[in-house]
Protein chains: 4
Amino acid sequence: MNKITLLIHCKDRSNIIASVTRFIAEEGGNIVYIDQHVDREQDIFFMRLESEFNDDSFSTSDFKESFKNTLVNGFEMKWRIYSSEIKPKMALFISKYDHCLYDLLGRYNSGELNLSIPFIVSNHLDLKSIADNFKIPFHHIPVTKDTKNEAEDKQLELLEKHDIDFIVLARYMQIVSGKLISRYPNKIINIHHSFLPAFVGAKPYHSAYKRGVKIIGATSHYVTEELDAGPIIEQDVAHVSHTHSIQDLIAKGRDLEKIVLANAVKLHADRKVMVYNNKTVIFS
Amino acid sequence: MNKITLLIHCKDRSNIIASVTRFIAEEGGNIVYIDQHVDREQDIFFMRLESEFNDDSFSTSDFKESFKNTLVNGFEMKWRIYSSEIKPKMALFISKYDHCLYDLLGRYNSGELNLSIPFIVSNHLDLKSIADNFKIPFHHIPVTKDTKNEAEDKQLELLEKHDIDFIVLARYMQIVSGKLISRYPNKIINIHHSFLPAFVGAKPYHSAYKRGVKIIGATSHYVTEELDAGPIIEQDVAHVSHTHSIQDLIAKGRDLEKIVLANAVKLHADRKVMVYNNKTVIFS
Amino acid sequence: MNKITLLIHCKDRSNIIASVTRFIAEEGGNIVYIDQHVDREQDIFFMRLESEFNDDSFSTSDFKESFKNTLVNGFEMKWRIYSSEIKPKMALFISKYDHCLYDLLGRYNSGELNLSIPFIVSNHLDLKSIADNFKIPFHHIPVTKDTKNEAEDKQLELLEKHDIDFIVLARYMQIVSGKLISRYPNKIINIHHSFLPAFVGAKPYHSAYKRGVKIIGATSHYVTEELDAGPIIEQDVAHVSHTHSIQDLIAKGRDLEKIVLANAVKLHADRKVMVYNNKTVIFS
Amino acid sequence: MNKITLLIHCKDRSNIIASVTRFIAEEGGNIVYIDQHVDREQDIFFMRLESEFNDDSFSTSDFKESFKNTLVNGFEMKWRIYSSEIKPKMALFISKYDHCLYDLLGRYNSGELNLSIPFIVSNHLDLKSIADNFKIPFHHIPVTKDTKNEAEDKQLELLEKHDIDFIVLARYMQIVSGKLISRYPNKIINIHHSFLPAFVGAKPYHSAYKRGVKIIGATSHYVTEELDAGPIIEQDVAHVSHTHSIQDLIAKGRDLEKIVLANAVKLHADRKVMVYNNKTVIFS
């Protein structure tokens, strides 16, 4: 049994759904999931579709070729296709905070995440023992202002060597440069410790405390060149009050950060996120 | 431009999606919304589809006939079809509590609800002036143990005379009999003032207070013969603490009740709810 | 039985609680509620206390005099005292949106709000009939760029004539000038339709839609000269997704706005809010 | 500097607050936190108070003696006193699920929990390596129907040997007997994987799935002889839909369970929970 996931977006027009579903049927596929969305402001059509092919003779490359000729050109589609058997490879970038790391590795260990983690990178050695406990290769790549460029080259080398699909910044306390971002567009997931767009930048809990908000939040988003301004994947919030100190906000925030980041990672790994116009469509 | 909404459920098997979408295309329709769900425990397939037909010659009755012959019989589908131009007619049953009434009529007035309200029924006169203010016909049908049967006959007469599609019990403090329920299966929406299945029956806030729960809730569900056990449409909750008296719980609960009931009414009126196995599939 | 509510704040130091509670006991009072907070960053002490006095000879003015001499001077306290029998008088400022108005008047009618509403002011006539239905005097004071100053003079005249304690802007779509604000400092409550400090200013739901947030919010705050930057009283949020249009965000937002504003009004009317440093301490 | 936390409850009557605060002042204490609650249904007074004593000559045992003579007898108080320097000792009981264990140990490691963990007990060996990684002694005490009594004796021996203050059942899949419960009344914290009182007993996610609820929850409570009926400390919920399988509910529930249990543990360790009438007062 072969199973594929197909993501499509294109200008909205008549008969896209009918054309795609007919094509799948003619290729011998059985659609087991279909979801679609139309952005009426921008007139863009989005679709996510899962299909099973029983035929032993099914070949993904043939399917791709045929799909391209039959549909992609006519509808001017942007599309991606995934085989459900192939798990995406995720690189974890960390620094000194361990809560997101423990949470992701705990879920990974218990089989909750549909991905593999070939290695962990950190600019500090503090959390190496956690990586060791979970038996994940750990690479220490220190970063200073002067060595930032070379450090990113080392990171890129590792990413390419392991054929990494996407990167997760699990409270990695460095700003990632355009070199890395352009190589992994909409493939670097960050967790920001505020309800974006409130409190962009450093020390958001301090800013939240100062402003006297009654709710704090966390936001997971794709990294773009503009700081904390990339497409939002997932957000959650918690109520706070005047009784909470900055330290309390930070502690409460940790709980938000780990849940929000884990959810974003799952959505991305399951190919449920489509990005356009600096926004996300989430087929969950 | 004609627009229809189609709801389908049947045993899950191959090619349902492809067959339905091909049929719509052949009838000249353009699918503008499609969503589907498979209950893998029970092997049941559900679909909600909206399609536009530009052709002036489109006829709903022809479409129905053709759909029946081409698809329904082969797949043994259960199905409903709605014309998007026809708003469902809702009857409001109330007693003495006004918060859900004000909320629904306020939304109705501002055009938020896609339905019409031919009349309001109450077993008390207390809220007649609100109905008058909103210019909705008000029928006072008192209910006592002895007159319950005749009262329901009067209600049924009104419902049939106005060709009512569904009934909303907006804190109507009477238990509705099997006679009414069997006439409007999965078409009577109730708001229960607890997080069901906790605290079934009368005085749920008193029970919640006694049990010392830290969260209270409200549940909107379809009415079935078993008390407070029908298919759940919508639920929401609010945090409470030891500082809240029963009166506080009741006041907080009112806010939940009106939001939860309004959401359930909207989902039903927009034909987004399918019921099976005493559960709901909500295509929202 | 006399009952008072006492609000105190001053620089934090030893024995404030003991001194105040001893004073109340010596005056013959029985403390039925006490809550306190210390802002450790700023070293400020806050207290809210309710006390009952059985003695028929109790006089609020004597108590005030005595309290001032015994405690206020020594501790350099800022303080307010309220008799629980006297309900605060609230003026409602509205424009064309009716959802917050219906909600507040519905609660007022059912006895949920511990306040009186001597009148409603609007710059439009659209909602006059709602005020009439609830039998609250309605004053139409149109506002144009040229007449804004005179309009505020008329408003001030009404406010003073009725001895208004606080003002609620229930989606009043005008910016209130410094003249009014300085006359009612921390006594003008606004409802802003976003999760502040995100999306300050006009059309926040449009901005939220554009940014692609997954959560929208509403914020009730005291009005200060800086737009949407005053002390926050209450906030709440709702989850949204890519499927929601701007109109959907606005509709969902209305539900948040009315609940958040009602809660802020209740907290203020029950004298549970203290303001300092552009933040609030909420003794709820 | 000595710091104590005092918890009091007694029948409500006049002058309790004044009497206690005067006593503390006379002993040379400075009250840094005070909170109180009156259950008006039952006429019970509750107080939590933190006080600092600068005097080097301060002795907790003298204070206790004096407090007892001066206040406890007169007001018939039930009371507890804690020195803030002494961290409570918590025993962790686990089985095969690791999510709550990772979460608690991660928080413990990062200094978030104000307690010590002398040992972990499990009826299985599966999670021993996690205990080892965190360098916490691990005791394997298998439990079968026949050995249950002896197993509990071994547990009791360990608990007494280490002078354990409270026990946390972190998804310990055994029913604890009355012998253990009566030895640690309101000192055994359980996490139940439903929103109690809905879905008492085993397999609550299966029951929630069957009932078709739109919200699932988790409840942390003190263990009493009646199953899942003890005083509730903390609850939280998450929204679900028809798209979630039982496995999805279980995965979502894990996130709730760990946050809810961690919060309950923190509240208990910080002596913020008082129990009466099978309910809790939480001074948070």
Side-chain angles (χ1 to χ4, degrees), chain A residues 35-41 44 46 194-200 204 206-222 229-248 260 263-264 267 273-284, chain C residues 35-42 44 46 194-200 204 206-222 229-247 260 263-264 267 273-284:
Chain A
D35 206 349
Q36 116 294 342
H37 170 63
V38 177
D39 182 325
R40 304 240 167 249
E41 306 269 312
I44 310 177
F46 301 85
S194 89
F195 178 78
L196 287 176
F199 311 126
V200 167
H206 289 73
S207 306
Y209 178 84
K210 187 154 180 285
R211 179 64 185 92
V213 291
K214 301 302 183 188
I215 288 177
I216 56 166
T219 303
S220 189
H221 63 95
Y222 290 114
I232 293 169
I233 307 168
E234 175 93 357
Q235 300 190 291
D236 206 0
V237 295
H239 287 261
V240 296
S241 77
H242 65 273
T243 62
H244 294 95
S245 65
I246 292 177
Q247 290 313 308
D248 294 333
V260 167
N263 284 342
L267 289 169
V273 187
M274 298 183 75
V275 178
Y276 79 111
N277 241 351
N278 207 44
K279 294 166 68 169
T280 60
V281 170
I282 310 274
F283 289 120
S284 65
Chain C
D35 204 349
Q36 118 293 343
H37 170 64
V38 177
D39 182 325
R40 304 244 168 247
E41 306 268 312
Q42 311 270 339
I44 310 176
F46 300 85
S194 88
F195 178 77
L196 289 175
F199 311 124
V200 166
H206 289 73
S207 306
Y209 179 84
K210 189 153 179 288
R211 180 66 186 91
V213 292
K214 300 302 184 187
I215 287 176
I216 57 165
T219 304
S220 189
H221 63 95
Y222 290 115
I232 293 170
I233 307 168
E234 176 92 355
Q235 299 189 293
D236 206 357
V237 295
H239 288 261
V240 295
S241 77
H242 66 272
T243 62
H244 293 95
S245 66
I246 293 178
Q247 291 312 311
V260 167
N263 284 343
L267 289 168
V273 187
M274 299 185 72
V275 178
Y276 79 110
N277 242 349
N278 207 46
K279 294 166 67 171
T280 60
V281 171
I282 309 275
F283 289 119
S284 64

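Note on naming: letters A, B, ... go to the chains in the order of the sequence lines (proteins, then strands), and numbering restarts at 1 for each one. These figures come from a predicted structure and were not determined experimentally.
- S241(C) does not touch chain A: none of its heavy atoms, backbone or side chain, sits under 4.5 Å away.
- Comparing S207(A), G217(A), G230(A) by heavy-atom pairs within less than 4.5 Å of chain C, the highest count is held by G230(A).
- No other option in A229(A), P231(A), S245(A) has as many heavy-atom pairs under 4.5 Å with chain C as A229(A).
- Listed by chain and residue number, H268(C) satisfy the ring pair (Phe, Tyr, Trp, His ring centres under 6.0 Å) test with Y222(C) (two or more places apart in sequence, or in another chain).
- In this structure, the portions of Y209(A) lying under 4.5 Å from any heavy atom of chain C include both its backbone and its side chain.
- With chain C as the partner, the residue from H221(A), E41(A), R40(A), K210(A) showing the most heavy-atom pairs under 4.5 Å is E41(A).
- D236(C) touches chain A through backbone and side chain together, each having a heavy atom under 4.5 Å away.
- Only the side chain of K279(A) comes within less than 4.5 Å of a heavy atom in chain C; its backbone stays farther off.
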side-chain contact (heavy atoms from CB on, under 4.5 Å) between I282(C) and K214(A): does it pass, once the steps are laid out? CA-CA 10 Å; I282(C) 309 275; K214(A) 301 302 183 188; 3.7 Å; yes
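- The greatest number of non-hydrogen atom pairs below 4.5 Å with chain A, out of T219(C), N278(C), V213(C), T243(C), is found for V213(C).
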